[in-house]
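Since this is a predicted model, take the numbers as computed values, not measurements. Numbering starts at 1 and runs along the sequence shown.
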Amino acid sequence: MTSAPLPPSLSVQSWINKGTNPIPDWAQTRMIGRREANGTFMIHTRAGLDKVQARVLVGHIVIERKGILYTRPGGEARGLLEELDEKDSGAYAALPSTPRGPTATADHAPREDVTDDITRRLGGIVPQSAAKLPIDPARKTTASSRTAGQATAASGALKKWPIAKGNPPSIENRHPSELNLDDSYQRSTDNGASQALIKKIANGWDWRMCLPLVVSKRDDGSLWVLDGQHRLAAAILRGDIPFLPCVIGVYGSVADEAAMFVAMNRARKPMNRLDDFHAAIASGDSEAIEIAKLITDAGFTVSRRTGSQSWVAGEVAFTSAISKVLRKHGATVCQLALRTMQEAWPDEVLNAGSSMFTALTKLAVNPPDDFDHDRMFRALLKRDQKEWASFLNEVKGGGEERALALRRVLLMAYEEEGEAQP
């Protein structure tokens with residue numbers, strides 16, 4: 001005689017979190033706190049026999065089975081139920097049965113339960129007597145306020161903080177292949193230092209050091225990394241990292257993403273000046289956009305490489321020098337110097353680019369008597385960029401000193417050139 005097949009989980013309720021749709025009563029009783037602005041919320045659940053907490057993400061399904069809530073992506077729900085049915089004869093059979101009926105109390109962790117796994121990790125193992133004490137959120141807030149009030153007693157009033165900006169993010173594990181990078185504002189990793197860092201992270205991958213990546217979720221559902229591209233590149237290089245922890249938020253537009261990228265990196269550590277410049281363009285910064293237009297109108301492109309050894313012909317890396325002249329003397333002076341450089345050295349790396357640009361603008365703003373631009377241009381053509389840069393080898397000091405020294409050299413070359421013969 002053959003036994004009947006295991007019946008499906010008949011005592012099951014399910015619901016899909018769409019972010020704003022009402023949460024059923026049977027799920028609300030197991031919630032921790034309330035639904036966040038991003039549509040997610042926390043529930044008490046189980047992992048084996050352990051009480052744990054889980055976040056219900058938008059688009060995920062919530063399943064109630066035998067008084068216990070579980071949350072999974074929709075495609076994994078059937079597999080979860082089959083797994084639980086198979087375990088009923090083992091570990092899950094030891095779980096207390098759930099009474100049925102309108103007055104039955106489901107077997108789940110109450111809201112005031114602080115013995116769950118996450119709380120133990122955050123606050124340490126608490127004594128059983130303390131764990132059983134109910135927590136009154138109102139009293140807890142009052143106590144915290146009282147403590148904060150002691151620090152501001154001299155002023156006689158609590159500090160009123162500005163309203164928090166944005167919506168709370170969701171914390172999710174995402175496969176590296178789901179994550180994208182936007183080159184319009186992201187740092188360039190096409191350099192030796194970044195490639196060495198990526199290989200170092202990949203070779204010594206340590207989950208304890210893998211902080212969550214900051215990720216933007218766009219309107220089409222695609223995910224774009226604002227912070228963490230080296231960790232992403234290392235995970236892709238390895239090929240065996242199944243997921244990366246991500247803090248996923250909604251930023252509104254690519255310009256908002258770029259502005260947040262700049263804000264995060266400026267607050268944390270100094271940015272590479274060219275990374276800063278490209279991100280400023282993507283965020284809509286008017287000065288950065290004007291500088292980029294001056295460069296491209298002259299026939300150059302804006303470099304992404306700060307190291308002089310990695311510069312290539314046709315690229316301009318001295319955006320800071322252009323910014324200073326633009327603010328002080330305007331766009332016409334910048335335009336004249338850039339076009340002169342492009343016509344004189346169209347196929348050369350601008351080894352002395354910043355100093356040459358500033359020196360040419362100084363000549364344009366304060367030229368000697370009867371200054372002849374064509375004569376100056378002929379003098380420029382007599383030497384390539386490396387030769388002009390060699391005149392600065394013995395110059396000590398910063399950019400201004402180097403520019404003044406090169407201006408003197410240019411005037412000497414101008415005098416040597418002589419007037420054009422009729």
Side-chain angles (χ1 to χ4, degrees), residues 183-184 186-197 271-281 288-326 331 333-364 373-374 376-414 416-417:
D183 291 335
S184 68
Q186 269 294 349
R187 300 172 186 268
S188 170
T189 58
D190 188 21
N191 57 76
S194 288
Q195 290 301 311
L197 176 58
M271 287 181 65
N272 171 306
R273 56 185 173 81
L274 288 176
D275 289 331
D276 186 302
F277 181 78
H278 282 282
I281 292 174
I289 292 173
E290 183 176 6
I291 292 172
K293 188 175 187 302
L294 286 169
I295 292 172
T296 55
D297 285 351
F300 291 115
T301 59
V302 183
S303 176
R304 284 185 171 272
R305 307 169 180 87
T306 54
S308 59
Q309 298 301 316
S310 61
W311 291 344
V312 299
E315 287 187 346
V316 165
F318 47 90
T319 54
S320 296
I322 298 175
S323 175
K324 291 179 182 178
V325 176
L326 178 64
V333 173
C334 296
Q335 186 179 61
L336 176 62
L338 287 170
R339 287 183 175 176
T340 299
M341 294 174 69
Q342 202 282 329
E343 291 173 7
W345 308 288
D347 302 315
E348 295 185 39
V349 176
L350 301 179
N351 301 96
S354 179
S355 299
M356 179 61 73
F357 169 81
T358 308
L360 288 174
T361 59
K362 288 181 179 297
L363 284 174
H373 289 282
D374 291 335
M376 183 73 257
F377 186 74
R378 293 195 304 273
L380 292 176
L381 295 177
K382 293 294 179 64
R383 293 176 173 87
D384 61 21
Q385 273 288 296
K386 288 184 178 180
E387 290 181 277
W388 287 115
S390 68
F391 290 109
L392 302 174
N393 290 340
E394 303 300 322
V395 177
K396 297 180 180 180
E400 184 67 14
E401 288 77 6
R402 292 169 63 85
L404 287 171
L406 191 54
R407 180 183 185 275
R408 291 193 291 270
V409 172
L410 291 178
L411 286 176
M412 287 189 287
Y414 176 83
E416 291 177 358
E417 178 61 25

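- To the nearest 0.5 Å, atoms CG (L338) and CG (D297) are separated by 10.0 Å.
- Within the model, atoms SG of C334 and CZ of R339 stand 12.0 Å from one another, a figure rounded to the nearest 0.5 Å.
- A364 and V333 make their closest contact through CB-CG1, 4.4 Å (heavy atoms, listed as atom of the first residue, atom of the second, distance).
- Atom NZ of K362 sits about 8.0 Å away from atom CZ of R407, to the nearest 0.5 Å.
- Using a distance-only test at 3.5 Å, with no hydrogens or angles considered, no donor-acceptor pair links the side chain of R383 to the main chain of A389.
- Of all the heavy atoms in E290 and A331, the pair that sits closest is OE2-CB, 3.8 Å.
- Distance check, rounded to the nearest 0.5 Å: CG of L392 to CD of E401 gives 11.5 Å.
- The backbone N or O of L336 sits less than 3.5 Å from a side-chain atom of T340, completing a donor-acceptor pair.
- Closest approach of Q186 and R304 over heavy atoms only: O-NH1, 3.3 Å.
- Side-chain N or O atoms of Q195 include none that pairs as donor or acceptor with a backbone N or O of G192 at under 3.5 Å.
- For the pair T358 (side chain) and S355 (backbone), a donor-acceptor distance under 3.5 Å is absent.
- In this structure, the side chains of L380 and M356 come closer than 4.5 Å at one or more pairs of heavy atoms.
- Annotation: the span from L294 atom CG to Q335 atom CD amounts to 6.5 Å, rounded to 0.5 Å.
- Residues L350 and F357 fail the side-chain proximity criterion, which asks for heavy atoms closer than 4.5 Å.
- Taking every heavy atom of both residues into account, W388 and A379 meet most closely at CZ2-O, 3.5 Å.
- Proximity of a side-chain donor or acceptor of E348 to a complementary backbone N or O of Q385 within less than 3.5 Å is detected.
- Using a 4.5 Å heavy-atom cutoff, the side chains of V395 and L404 are not in contact.
- Of all non-hydrogen atoms in S354 and A321, the two that sit nearest each other are OG-CB, 3.5 Å.
- Proximity of H373 to F377: side-chain heavy atoms (C-beta onward) are nowhere separated by under 4.5 Å.
- The nearest pair of heavy atoms linking L411 to L363 is CD2-CD2, 3.5 Å.
- In this structure the side chain of I291 reaches within 4.5 angstrom of the side chain of F277, judged on heavy atoms.
- Between N191 atom CG and T189 atom OG1 the span is 7.0 Å, to the nearest 0.5 Å.
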